[in-house]
Amino acid sequence: MAKFQPGDQVRIRVGVPPTHFRTPEYVQGKHGQIETSWGPFPNPEGLAYGGDGLPAQPLYLVKFAQTDLWKEYKGAAQDTLLLDIYENWLETI
Amino acid sequence: MVEKGHSHGDNAKYYSLRAEAIQELLIEKGICSMDDILTMADQIDSRSPEDGAKVLAHAWVDSEYKARLLADAETALMELGYDLPETAPKLTVLENTDDVHNMAVCTLCSCYPRAIIGRPPAWYKGLAYRSRVVVDPRGVLKEFGTELDESIEVRVIDSSADFRYLILPKRPAGTEEMSEEELAKLITQESMIGVGLAVSPEQTKSI
C-alpha cells in the first residue's frame, strides 16, 4: 500500500550506505512533491546482491524546484527536476 | 562544453575486459546464459532512433493515439508492432509543449529508452553531460543550439530507477501539410532526449 499520494510534500532521507542505492545525493535532504505514484517495484538495494528485492517498495516520481536544489541556479524560477524515488527514502514533512 | 567523446577514453580496454569478466561470471554462476546476453544485445541493436521517430510522428498526426501513448506507452507501442521485451524497464513518454520542455538524463549511470531507440550517444553516458544537465539545463541546451524562452518550464527528468523516459518533441510550425513519413525525419535522437527540438521545415531546406 502506497504511503504517499500525488501532491504530498516529502523530504528525501539523507544517507550514503556502503551498498547499492539509487537515490542521488544531490536530492538528499531536499523537499519535493509526489508527482506520480507508480506502484510497488522490487527493491534494487536487494536485487543488486542477487536477492529477490522483497518486500517490494512503492516507487514515486518526485518533483523538485530547481531553485530548491541549487542555491545558485541560473535558469528560470519555474524550472523543475523529476526523479523516481523508492518509498524507503521518503520522509513525511 | 559538453564532452561529446567517450568519457572512458584510454580506459576502453580496461572496461571491455571488465565487461567480459562479468559476462563470464554471470554465465558460470548460472544467472544468465550466453544466449540471453546475445538475445538482449540483438534486441537493442535492432532498435534505432528511426523507430522512436516513427512512433512519435504517428502521435503528432493522430491525437487519440498520442493520448494512448502518453497514458500507457507500452500498449500503444504494441499497436504499431513494437513489442518491448519483458526484461525491458518500463517506458513512459513525456510530451514537450508550449509551456513545458522535458529533457532526460541518468545521473547514476546511463539509463536510456534502449528498447525503443537503441543505444544512447556517447555524450549521454559521459560525466560532463550527466553532472551538468541537472544543475544548468538551459546552459546545456544552449550548447546543443537551443535557447528556450524564460517563460517555459524546463523539466529535467533523471531516470534513476525502473522507468525510462522518451520525449515527444513539439511539432514544429509549418508542418501541417507534411506526411507522417516526412514528419518522422524531423524527429532527431537529440529531440527525443530533449537536448534539442524537432527540426523545422526551414532547417531541412537549408541542409
Side-chain angles (χ1 to χ4, degrees), chain A residues 12 16 19-28 30 32-53 56-90, chain B residues 22 25-26 29-32 70-74 87 89-94 97-111 127 130-142 146-165 167 194:
Chain A
I12 315 307
V16 183
T19 46
H20 179 77
F21 64 102
R22 300 200 64 85
T23 307
E25 284 175 61
Y26 73 89
V27 296
Q28 294 189 8
K30 305 290 184 184
Q33 181 176 305
I34 304 287
E35 177 86 358
T36 312
S37 174
W38 291 126
F41 282 83
N43 188 346
E45 291 167 29
L47 286 182
Y49 301 97
D52 55 12
Q57 282 289 326
L59 180 67
Y60 305 91
L61 185 60
V62 183
K63 186 167 164 178
F64 300 88
Q66 284 281 28
T67 49
D68 280 349
L69 292 180
W70 320 101
K71 263 190 220 150
E72 291 169 10
Y73 184 68
K74 286 182 277 184
Q78 75 278 9
D79 289 354
T80 53
L81 181 136
L82 286 99
L83 182 73
D84 290 315
I85 304 182
Y86 300 90
E87 192 174 272
N88 59 330
W89 283 89
L90 300 179
Chain B
I22 293 170
L25 274 172
L26 287 170
K29 288 180 181 288
I31 292 167
C32 61
L70 295 173
D72 178 356
E74 286 161 36
T87 47
K90 309 285 283 176
L91 182 78
T92 293
V93 176
L94 300 174
T97 64
D98 289 335
D99 305 316
V100 178
H101 179 90
N102 294 281
M103 50 198 301
V105 64
C106 171
T107 57
L108 294 177
C109 44
S110 56
C111 297
L127 263 188
R130 285 159 52 207
S131 57
R132 285 199 45 223
V133 73
V134 287
V135 185
D136 183 19
R138 287 175 187 264
V140 170
L141 274 173
K142 221 181 266 182
T146 305
E147 204 155 343
L148 293 177
D149 196 89
E150 282 287 306
S151 64
I152 293 173
E153 175 186 332
V154 171
R155 198 179 270 189
V156 175
I157 174 84
D158 185 356
S159 37
S160 54
D162 290 276
F163 284 82
R164 302 294 172 263
Y165 296 92
I167 312 295

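Throughout, a chain's letter reflects where its sequence line sits, starting with A, and its residues are numbered from 1.
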Min side-chain heavy-atom separation B:Asp136-A:Tyr73 under 4.5 Å: no
Distance, nearest 0.5 Å, that separates OG1 of A:Thr80 from CG of B:Asn102: 8.0 Å
Nearest non-hydrogen partners of B:Ala161 and A:Arg22, listed with the distance: CA-NE, 4.3 Å
Which residues share a ring-ring contact (aromatic ring centres under 6.0 Å, His included) with A:Tyr26, sequence neighbours left out: A:Trp70
Ring geometry between B:Tyr165 and A:Trp38 (parallel below 30°, tilted from 30 to 60°, perpendicular above 60°): tilted
Neighbour count >12 (heavy atoms, 6.0 Å) for atom NZ, A:Lys63: yes
Minimal non-hydrogen separation, B:Pro137 against A:Gln66, with atom names: CG-NE2, 3.9 Å
Spatial distance of atom CZ (B:Arg155) from atom CG (A:Asp79) [nearest 0.5 Å]: 10.5 Å
Value rounded to 0.5 Å, distance of CG in B:Asp162 from OH in A:Tyr86: 3.5 Å
Atom group of B:Lys29 that falls short of 4.5 Å from chain A, counting heavy atoms: neither
Per-residue contact mode, A:Glu35 against chain B (heavy atom under 4.5 angstrom): side chain
Approximate separation, where rounding is to 0.5 Å, of A:Leu83 CG and B:Ser160 OG: 4.0 Å
Contacts of residues 146-154 of chain B with chain A (heavy atom under 4.5 Å): B:Glu150, B:Ser151, B:Ile152, B:Glu153, B:Val154
Heavy-atom proximity to chain A below 4.5 Å, by part of B:Leu108: side chain
Worked verdict on B:Val156 versus A:Phe64 for side-chain contact (heavy atoms from CB on, under 4.5 Å): CA-CA 10 Å; B:Val156 175; A:Phe64 300 88; over 6 Å; no
Matching residue for A:Leu81 among B:Thr107, B:Val134, B:Val105 - test: side chain to side chain contact (heavy atoms under 4.5 Å, CB included): B:Val134
Engaged part of A:Leu61 at the chain B interface, taking heavy atoms whose separation is under 4.5 Å: side chain
Beyond-backbone contact of A:Pro24 with B:Asp158, side-chain heavy atoms, under 4.5 angstrom: yes
